[in-house]
Amino acid sequence: MNKKTIRDIDVAGKTCLVRVDFNVPIDPNTGLIADDSRIRAALPTVHHLQSKGARIVLCSHNGRPKGKVVEELRMTAIRQRASDWFNTDILDAGLPGDNTDPADVIAKLAPGEIAMLENLRFNAGEEANDPAFAKALASLADIYVNDAFGAAHRAHASTAGVADYLPAVAGYLMERELRMLTRALESDEKPAVAIIGGAKVADKIQVLANLSKRVDTVIIGGGMVAAFLKAQGYEPGAAEITDEEVHAAGQLLFSSPAKIMTPSDVVVAREFAEDATPYVVEVTDVPRDSLILDIGPGTRVDYADEIIEAKRIIWNGPMGVVEWESFSEGTRAVARAVAVAPDAFTLVGGGSTVAVIEKLNLRSELTHVSTGGGASLEFLEGKVLPGIAALDDR
Ligand code: ADP
Ligand code: MG
């Protein structure tokens, strides 16, 4: 870790502006918080700062209010839930530019006490990374702590801009993400396998390019299988595939330093529908009128063999249309193989992929399940994330 963390600085008596990711899913029917794991995840950082006698100002975005106040996107319920988990009353500090000045509320905090700002994206300066808004946020505190890995790929006022004006360090969550993602890309644990699936090749070209330089084997699944089959000269079925996609697949197949594994058999259907009849076919026999919706049973075994032998495993993207029972077996098989690989370092990222892990109850079998969908993908692509770059070097 070449970035400073909350352990590297003295926070006693200081006010810390802590950027968290409390953008929690809300149940559309009840309006209640559907999953508060992001709130719980901030506990270690909050606890550390409390125990060292810091004053804490939490801040987060929630949803997409686009620079305006949207009543349903206020932090009220989130602040309440955080108060419950952190076992303390969290004060409502509003936002810079509001009627109530956040500074007045924050001035009332005793060491160890907590306030929370209103939804940062109510102010257009947040997403625009307006220096005036970043400065206004910075003026509320002595130290900036970023614990919102899930927002680190955004250069917003609260994720990047504010770090220009304050000492800036990583919280525990951020630190763990950086350590685990760095290990996934750079450690010499071998053999290393990257499993990449998902809906479209276009979304994954960058990550494939980067990972193929850093692992021994790349395993291909999901919607991009069609492009890889076409690049190998097979009939890819009815999916629309662009020349760019076939070119990208071919480039990887024929000039990558890593071994590229593609399916030998697939599950296809005549329509893209949950109740469509599934057929297993060899990749040499994909019917022109069918869509490839999962990897086949033979491929599941081959992939699992390779995965179980690995000592470092990175997985992003389902092997098929995992939301539909008939096309979910490939993804389940891969999930189980990743979970049982003996003594392997295992890292899983991506919204749908993590959802599968949760559904199969495999989280505790993995070394790290990344909380940041877009952020973890960009990290694995080898990109510099603005929210990380902005933190102070050690
Ligand atoms: P993650 O959210 O884990 O990063 P992606 O967003 O890249 O993964 O892709 C997830 C989506 O890909 C899922 O909704 C899944 O249904 C879809 N998908 C997987 N395989 C196929 C396929 N063969 N055809 C169409 N969609 C697919
Ligand atoms: Mg996704």
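Counting convention: from 1, in listed order, for ligands and their atoms alike.
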Any idea which protein heavy atom is nearest [atom], and the distance to it?
| atom | value |
| --- | --- |
| atom 12 (O) of ligand 1 | A199 N, 3.1 Å |
| atom 2 (O) of ligand 1 | S352 N, 2.8 Å |
| atom 21 (C) of ligand 1 | G223 N, 3.4 Å |
| atom 27 (C) of ligand 1 | V321 CG2, 3.7 Å |
| atom 14 (O) of ligand 1 | E323 OE2, 2.5 Å |

Taking NZ, NE, NH1 and NH2 as the nitrogens, is one of them in [X] or [Y] under 4.0 Å from a carboxylate oxygen of the other?
| X | Y | result |
| --- | --- | --- |
| R183 | E177 | no |
| R55 | E113 | no |
| K3 | D393 | yes |
| D392 | K4 | no |
| K108 | D104 | no |

Which part of [X] is near ligand 1, with near meaning a heavy atom under 4.0 Å away: side chain, backbone, both or neither?
| X | answer |
| --- | --- |
| F272 | side chain |
| K204 | side chain |
| I292 | backbone |

Does an N or O from [X], backbone or side chain, lie closer than 3.5 Å to an N or O of ligand 1?
| X | value |
| --- | --- |
| M319 | no |
| G351 | yes |
| T353 | yes |
| D203 | no |

side-chain contact (heavy atoms from CB on, under 4.5 Å) partner of P96, the single match among D101, L120, L137 | L137
Which atoms from ligand 1 have a heavy atom of N316 less than 4.0 Å away?
-> 4 (O)
Return the minimal non-hydrogen interatomic distance between V283 and P263, and the atom names on each side.
-> CG1-O, 3.3 Å
Heavy-atom nearest option to atom 18 (N) of ligand 1, drawn from G349, P318, G320, G374 | G320
Give me the ring orientation class for Y172 and H48: parallel if the planes are under 30° apart, tilted from 30 to 60°, perpendicular past 60°.
-> perpendicular
Do H61 and R19 have side-chain atoms, one donor and one acceptor, less than 3.5 Å apart?
-> yes
